[in-house]
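A quick note: this is a predicted structure, and the numbers were derived from the prediction, not measured.
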Amino acid sequence: MEAVHNHFTALDWGILIGYLALTTAVGHALRGKQATIKDFFLAGRSLPWPAVCASIIATEISALTFIGVPGIVFATGGDFTYLQWAIGSVVARVIVGIWFVKVFYEQEIYSPYDYMQNRLGPGVKKLTTAMFTLGTILGQSVRVLVTALILKTVTPLDMPVSIVVITLFAIGWTLMGGMTTVIWTDAMQFVLFLFSGLLALFWMVSHIPGGWDTYLQVAEAEEKLTLLNLSTDPDVQFTLWVALLAMPFQNLAAFGTDQLNAQRMFCCRNASDARKAIIASCFSQVITILMLLVGAGLFVWYWKDIFPPTPAESALFAEDADNVFPVWITTVLPPGITGLVLAGAFAAAISSLDSALAALSQTTLSVIHGDRDLSEGDMPGLMTQSRIAVVVWGAFLAAAAFVLFAVKTYGHIDILSLAFGMVAYTYGPMLGIFLLALAGIPARLGGLWLGVGLSMLLTAIIRPDFYVLLSSIGVLSPDTMLTIRPGLSFVWLYPITCLLTISCGALLNRLPRKAP
């Protein structure tokens with residue numbers, strides 16, 4: 001590790017710190033534009049749709065894409081089949097833009113959970129907000145983890161300290177200006193993220209002997225550019241059937257029911273602008289392609305006949321393929337450019353985390369005080385409470401990141417699978433409840449709770465997380481874990497748990513109710 005982080009020079013530190021200071025200054029400049037709680041959480045519904053679109057992309061991409069996507073291509077057997085998931089992503093955004101956004105702007109609401117409660121009755125908002133909170137803590141803690149992984153790789157800091165540093169930055173930026181600051185700094189970070197990825201790709205190709213010819217020759221020979229996988233094995237994640245049948249459910253939940261993304265659409269001036277923002281955010285798939293190309297380039301770079309890794313680098317790659325891009329940035333790029341590209345990674349990371357903290361704070365206050373008080377907006381102490389909520393949820397994110405670090409370490413789970421797997425606990429049930437509300441199908445609250453409970457139990461059985469934790473404390477052996485875990489990829493849980501929740505909510509509503 002020391003041989004790697006010693007390449008991070010004082011100039012790199014200066015550029016990285018300078019960028020963070022610039023972004024902080026922008027947040028401070030926007031701080032005065034939050035006279036009411038509506039300004040803090042919805043930016044006064046006044047932001048232009050291109051800025052909101054860039055914020056959606058920055059939140060979606062995060063350091064997870066910056067580090068995780070190159071890692072899966074570089075790893076043994078890795079290729080471009082992850083890109084198939086873009087089909088479900090694009091389809092879902094169009095559906096959200098055309099149908100979901102319309103109902104979001106029919107009333108003065110702050111979240112999809114307000115809409116669900118209005119359509120399905122009291123109690124639904126608390127249930128869906130609880131699911132959102134759990135899903136965000138699980139999903140966003142992975143983003144804390146991957147950003148800390150970068151910091152740990154390029155500095156002498158260990159993982160616990162790195163997690164704390166990242167969390168403190170995210171809390172600080174969120175406290176400065178609410179959603180106005182979050183969205184405008186996200187837009188800045190999106191630009192730097194895109195520039196950093198392009199810079200890295202063209203730098204490595206231009207320095208590989210033979211350039212693009214060598215790149216394509218080695219990548220094709222090692223099947224790194226394979227795009228389609230028509231396997232029908234239910235335990236394989238990146239297949240065309242998953243992209244067509246499972247990922248639309250995941251993305252409908254992500255963009256239509258997850259307040260982390262939906263909150264941005266609520267910041268637009270009207271439904272038309274919100275529709276443009278979410279559909280135009282399909283541009284994020286171009287960035288996914290860019291990072292896949294970077295992953296293939298890293299494989300070619302470290303190819304045995306080109307620039308074979310040092311023993312220290314090989315040890316890091318063997319430990320975790322997610323280390324490969326941070327190591328390459330730190331050891332190959334010249335001083336100054338290293339700091340700039342890593343600033344892009346941190347920009348992508350913190351843009352997701354500050355968004356999560358703003359959304360968690362908003363939903364917390366909405367449950368405590370109700371929509372009317374939030375809409376009227378000047379309740380004494382409400383702004384102070386929102387900031388306290390940001391700090392509290394930041395602490396929860398850091399704590400969850402420590403737990404997931406153990407799961408990733410013991411289970412040898414790649415960072416992308418960990419991120420998508422964490423939200424599998426909540427996305428399917430939440431989408432199921434939203435679709436019931438959208439269709440106007442009556443549902444009994446007890447049935448919804450039953451559907452959510454069964455969905456989470458099923459997810460725990462299929463996902464490796466609990467098996468890994470039990471194995472790490474000696475309750476299960478690794479061989480036993482492989483034997484008893486069902487051979488079904490977690491990606492199929494999105495449609496399965498969605499339909500399970502719909503069935504439980506709607507069917508139990510047909511049962512006779514007890515007499516009062």
(request) Indicate yes or no: does E60 engage R264 in a salt bridge with an N to O separation below 4.0 Å. (result) no
(message) Would you say that more than 12 heavy atoms from the other residues, nucleotides or ligands in this model lie under 6.0 Å from the CD of E220, or not?
(response) yes
(request) Not counting sequence neighbours, list each pair that qualifies as a ring-ring contact (aromatic ring centres under 6.0 Å, His included) and has a residue in residues 212-236. (result) W212-Y215
(message) Show the nearest heavy-atom pair for residues S141 and A400, with the distance to one decimal.
(response) CB-CB, 3.6 Å
(request) Might you work through the side-chain contact (heavy atoms from CB on, under 4.5 Å) test for S111 and F132, ending with a clear yes or no? (result) CA-CA 11 Å; S111 72; F132 161 72; over 6 Å; no
(request) Report yes if some heavy atom in the side chain of F169 is under 4.5 Å from a heavy atom in the side chain of V165; otherwise report no. (result) yes
(request) Look only at the side chain of D12 and the backbone of G339, and say whether a donor-acceptor pair between them is shorter than 3.5 Å. (result) yes
(request) Looking only at non-hydrogen atoms, find the nearest pair between Q84 and T81 and report the distance. (result) NE2-O, 2.9 Å
(request) Please tell me if the side chains of P48 and D273 come closer than 4.5 Å, counting only heavy atoms from C-beta onward. (result) no
(request) For Y425 and R463, run side-chain contact (heavy atoms from CB on, under 4.5 Å): C-alpha distance rounded to whole Å, both residues' side-chain angles, the deciding distance at 0.1 Å, then the answer. (result) CA-CA 9 Å; Y425 286 95; R463 284 281 308 163; 3.9 Å; yes
(request) Mind checking the OG1-CG spacing from T459 to L493? Nearest 0.5 Å is all I need. (result) 4.5 Å
(message) Using 0.5 Å steps for rounding, measure from the CG atom of L145 to the CE atom of M159.
(response) 5.5 Å
Side-chain donor-acceptor distances from residues 291-303 under 3.5 Å, at least two apart:
none

(message) Working to the nearest 0.5 angstrom, can you tell me the gap between F402 CZ and I163 CD1?
(response) 4.5 Å
(message) M422 vs L404, test: side-chain contact (heavy atoms from CB on, under 4.5 Å). Steps then yes/no.
(response) CA-CA 10 Å; M422 288 298 99; L404 289 186; 3.6 Å; yes
(request) Could I get the full list of salt bridge (Lys or Arg N to Asp or Glu O under 4.0 Å) partners for R275, not counting sequence neighbours? (result) none
(message) Testing the basics here: between P335 and T9, what is the closest heavy-atom pair and its distance to 0.1 Å?
(response) CB-OG1, 3.5 Å
(message) So K276 and C53, do their side chains get closer than 4.5 Å, heavy atoms only?
(response) no
(request) Please name all residues satisfying ring pair (Phe, Tyr, Trp, His ring centres under 6.0 Å) with Y427, sequence neighbours left out, ordered by chain then number. (result) none
(request) Evaluate ring pair (Phe, Tyr, Trp, His ring centres under 6.0 Å) for F100 paired with F255, printing each intermediate quantity in order. (result) CA-CA 9 Å; F100 288 23; F255 295 104; over 10 Å; no
(message) For a quick test of reading the model, state the closest non-hydrogen atom pair linking C268 to A277 and the distance between them.
(response) SG-CB, 4.3 Å
(request) Look at the side chain of K224 and the backbone N and O of G78, then say whether any donor-acceptor pair between them is shorter than 3.5 Å. (result) yes
(request) Sequence neighbours left out, what passes side-chain hydrogen bond (donor to acceptor under 3.5 Å, both in side chains) with S489? Give chain and number order. (result) none
(request) Tell me, please, which residues at least two apart from T501 pass side-chain hydrogen bond (donor to acceptor under 3.5 Å, both in side chains). (result) S455
(message) I'd like to check L138 versus V423 (side-chain heavy atoms, cut-off strictly below 4.5 Å). Are they in contact?
(response) no
(message) Would you say that F307 contacts P209 through its side chain, given a criterion of any heavy-atom pair below 4.5 Å between the two side chains?
(response) yes
(request) Would you give the length of the straight line joining atom CE of M430 to atom CG of D258, rounded to the nearest 0.5 angstrom? (result) 5.5 Å
(message) Would the distance check show the side chain of T338 and the main-chain N or O of L333 forming a donor-acceptor pair, the cut-off being under 3.5 Å?
(response) yes
(request) Taking side-chain hydrogen bond (donor to acceptor under 3.5 Å, both in side chains) as the test, write out the residues that go with W393, two or more places apart. (result) T364
(message) Just checking F396: does its CZ atom have more than 12 heavy atoms from other residues, nucleotides or ligands closer to it than 6.0 angstrom?
(response) no
(request) Flag the pair Q250 / V491 as yes when at least one side-chain heavy-atom distance between them is below 4.5 Å, and no otherwise. (result) no
(request) Check whether any side-chain N or O of N251 sits under 3.5 Å from a backbone N or O of A254 as a donor-acceptor pair, and report yes or no. (result) no
(message) Test your reading of the model: is there a side-chain donor-acceptor pair from S314 to the backbone of T310, 3.5 Å cut-off?
(response) yes
(message) Check the orientation of F325 and F66. Use parallel for under 30°, tilted for 30 to 60°, and perpendicular for over 60°.
(response) tilted
(message) I need the Y113 OH to I433 CD1 distance, nearest 0.5 Å.
(response) 10.5 Å
(message) My understanding is that only residues two or more places apart in sequence, or in another chain, count here; which of them pass ring pair (Phe, Tyr, Trp, His ring centres under 6.0 Å) with W85?
(response) Y82, F238, F420
(message) Using only atom types and a distance under 3.5 Å, with no angle test, would you say the side chain of T330 pairs donor to acceptor with the backbone of P326?
(response) yes
(message) Go through it in stages, so that I can follow the logic: the residues are Y115 and L438, the test is side-chain contact (heavy atoms from CB on, under 4.5 Å), and I'd like the CA-CA distance, side-chain angles, deciding distance and then a yes or no.
(response) CA-CA 9 Å; Y115 173 77; L438 190 65; 3.6 Å; yes
(request) Sequence neighbours left out, what passes ring pair (Phe, Tyr, Trp, His ring centres under 6.0 Å) with F249? Give chain and number order. (result) none
(message) Below 30° counts as parallel, above 60° as perpendicular, anything between as tilted: where do the rings of F317 and F74 land?
(response) perpendicular
(message) So L397 and L357, do their side chains get closer than 4.5 Å, heavy atoms only?
(response) yes
(message) Any side-chain to backbone donor/acceptor pair from S284 onto S281? Under 3.5 Å, distance only.
(response) yes
(request) Please name all residues satisfying side-chain contact (heavy atoms from CB on, under 4.5 Å) with A86, sequence neighbours left out, ordered by chain then number. (result) L83, Q285
(message) For Y494, give me all partners under ring pair (Phe, Tyr, Trp, His ring centres under 6.0 Å), at least two apart in sequence or on another chain.
(response) none
(request) Report the distance from atom CG of L194 to atom CG of L290, rounding to the nearest 0.5 Å. (result) 6.5 Å
(request) Check side-chain hydrogen bond (donor to acceptor under 3.5 Å, both in side chains) between N261 and all other residues, then give those that pass, not counting sequence neighbours. (result) none
(message) For a quick test of reading the model, state the closest non-hydrogen atom pair linking L252 to A92 and the distance between them.
(response) N-CB, 3.5 Å
(request) Mind listing the closest non-hydrogen atom pair of A271 and V101 along with its distance? (result) O-CG1, 3.4 Å
(message) Counting C-beta onward and ignoring hydrogens, is there a side-chain heavy-atom pair between L149 and F405 closer than 4.5 Å?
(response) no
(request) Give the intermediate values and the outcome of side-chain hydrogen bond (donor to acceptor under 3.5 Å, both in side chains) for residues T147 and R143. (result) CA-CA 6 Å; T147 315; R143 285 162 170 80; over 6 Å; no
